[in-house]
Amino acid sequence: EYFLYDESGPVATITFNRPEKRNGLDLPAMLEFESLVQRVRDDRAVKVLIVTGTGSAFCGGADLTLARDASSEEERAAINADISLVPRVIGRVFDVMVHMEKITIGAINGFAVGGGWSLAAGFDHTIAVEGATFWLPEVPLGMAFKGLANISLTQRLGPSLAKEAMILGRKFTAEELLSFRVINQVCEPEELMNEARRVADTYLDVPWSAAIGTRRDINSAIFGAQYY
């Protein structure tokens, strides 16, 4: 309902497909995304996962319009309760992505906000279009930014910039993040998916068991080993 899923040989692609909502996240959307990532994890034929979006956004974070448009206080309270569970599901998905025996590529087609940047922080290789913007509004909105995404972004940005990003909500362009080596590449929008597939092919050319064993140790050093 909220995503497009495609498999082409050993490469799977998951596409956020709510452009009218700027690919915002609510609980049903995150549960669908979690199911698709688990599907990739369990499919031995798939070796590379590409994640991208439709429209002007990669992922606009939590969809707060649902509560705003609620017709009653009871409906609003129920929606807010669901939204409060979204970060927990994001954490579960992040854990699966960084530990599953696949290469993950983020093809960031527009802005990545909140949970969108949280998910992007877990990719092995990140390509963003020119002018894409990344920011974390959680703390300015009164919510702590915690979990594995915090660890990943601190590792990538360094403590000083991580505090600007997470606490102050500083916005970063793709070009800035490339200069900090937080992301791998910046490309023109029309080249994004071609470039993502080219990178996928590059990883597929490497001896697979050696690549995955090395990835496992790198990610275990950052995020801890997976015991299940």
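The side-chain hydrogen bond (donor to acceptor under 3.5 Å, both in side chains) analysis of residues 30-42, with sequence neighbours excluded, yields the pairs Glu34-Arg92.
Here the shortest heavy-atom pairing between Val206 and Ala211 reads CG1-CB, 4.0 Å. Closest non-hydrogen pair, Ile105 versus Ala196, comes out as CD1-O, 3.8 Å. Between Gly55 and Pro19, the shortest heavy-atom contact is CA-CB, 4.2 Å.
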Requested in this report: Please test Glu176 against Arg170 for salt bridge (Lys or Arg N to Asp or Glu O under 4.0 Å), starting from the C-alpha separation and ending with a verdict.
Outcome: CA-CA 12 Å; Glu176 286 178 302; Arg170 173 180 166 180; 3.2 Å; yes

**Report entry** Test log, rule side-chain contact (heavy atoms from CB on, under 4.5 Å), inputs Arg18 and Glu1
**Finding:** CA-CA 9 Å; Arg18 302 178 76 196; Glu1 183 181 356; over 6 Å; no

Query raised in the report: Between Val186 and Ile127, does a side-chain contact (heavy atoms from CB on, under 4.5 Å) hold up when you go through it step by step?
Result: CA-CA 6 Å; Val186 174; Ile127 311 163; over 6 Å; no

Report task. Take Ser8 and Thr13 through the test side-chain contact (heavy atoms from CB on, under 4.5 Å) and record every step on the way to the result. Result -> CA-CA 8 Å; Ser8 179; Thr13 302; over 6 Å; no

Query raised in the report: side-chain contact (heavy atoms from CB on, under 4.5 Å) between Ser118 and Phe94: does it pass, once the steps are laid out?
Result: CA-CA 8 Å; Ser118 295; Phe94 192 102; 5.6 Å; no

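Taken together through direct or relayed side-chain contacts under 4.5 Å among Ile, Leu, Val, Met, Phe, Trp and Tyr, Phe145 and Leu148 form parts of separate hydrophobic clusters. Met166 and Phe223 fall into different hydrophobic clusters, where Ile, Leu, Val, Met, Phe, Trp and Tyr are joined by side-chain heavy atoms under 4.5 Å apart, directly or via other members. By the criterion of side-chain heavy atoms lying less than 4.5 angstrom apart, applied directly or through intervening Ile, Leu, Val, Met, Phe, Trp or Tyr residues, Leu153 is grouped together with Leu25 in one hydrophobic cluster. Tracing side-chain contacts under 4.5 Å through hydrophobic residues (I, L, V, M, F, W, Y), one never reaches Val46 starting from Ile212; they form parts of separate clusters. Under a hydrophobic clustering in which Ile, Leu, Val, Met, Phe, Trp and Tyr are joined whenever their side-chain heavy atoms come within less than 4.5 Å, directly or via other members, Val96 and Met30 fall into the same cluster.
By the 4.5 Å heavy-atom criterion applied to side chains, Tyr5 and Val40 are counted as neighbours. In this structure the side chain of Val51 reaches within 4.5 angstrom of the side chain of Phe123, judged on heavy atoms. Using a 4.5 Å heavy-atom threshold, the side chains of Ser179 and Glu175 count as separate. Side chains of Asp26 and Lys21 form no contact here, defined as non-hydrogen atoms less than 4.5 Å apart. When side chains are defined from C-beta on, Tyr203 counts as touching His125, because their heavy atoms get closer than 4.5 Å. Using a 4.5 Å heavy-atom cutoff, the side chains of Leu157 and Val182 are in contact. Val129 places none of its side-chain heavy atoms less than 4.5 Å from the side chain of Phe58. Between Leu49 and Ile103 the shortest side-chain heavy-atom distance does not fall below 4.5 Å.
Looking at Asp6, its side chain never comes within 3.5 Å of a backbone N or O of Ala12 through a donor-acceptor pair. Side chain of Lys163 to backbone of Thr154: no donor-acceptor contact under 3.5 angstrom is found.
Atom CE in Met100 sits 10.5 Å away from atom CG in Asn219 (nearest 0.5 Å). With rounding to the nearest 0.5 angstrom, the CG atom of Leu4 is 10.0 Å from the CG atom of Leu36. Note that CD1 of Ile50 and OG1 of Thr104 are 10.5 Å apart. Values are rounded to the nearest 0.5 Å. Taken to the nearest 0.5 Å, the CG atom of Leu178 stands 14.0 Å off from the CZ atom of Phe172. With rounding to the nearest 0.5 angstrom, the CG atom of Asp95 is 13.5 Å from the CD1 atom of Ile90. Atom OG1 of Thr52 is separated from atom CD1 of Ile108 by 7.0 Å, given to the nearest 0.5 angstrom.
The side-chain contact (heavy atoms from CB on, under 4.5 Å) test applied to Leu204 returns Pro10, Val11, Lys47, Val48, Asp201, Trp208, not counting sequence neighbours. With sequence neighbours excluded, the residues satisfying ring-ring contact (aromatic ring centres under 6.0 Å, His included) with Phe33 are Phe3, Phe16. In this view, Arg197 satisfies the salt bridge (Lys or Arg N to Asp or Glu O under 4.0 Å) rule with no residue, not counting sequence neighbours.
Under a cut-off of 6.0 angstrom, the local environment of CZ in Arg215 is crowded, with over 12 non-hydrogen atoms contributed by other residues, nucleotides or ligands.
Val113 shares a hydrophobic cluster with Phe111, Trp135; the chain of contacts runs through ILVMFWY side chains whose heavy atoms sit under 4.5 Å apart.
For the residue pair Asn184 / Thr126, no side-chain donor-acceptor distance below 3.5 Å is found, with atom types taken as modelled.
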Please list every donor-acceptor pair under 3.5 Å in which a side-chain atom of residues 187-195 meets a protein atom from a residue at least two apart or in another chain.
residue	atom	partner	partner atom	Å
Glu195	OE1	Arg198	NE	3.3
Glu195	OE2	Gln185	NE2	2.7
Glu195	OE2	Arg198	NE	2.8
Glu195	OE2	Arg198	NH2	2.5

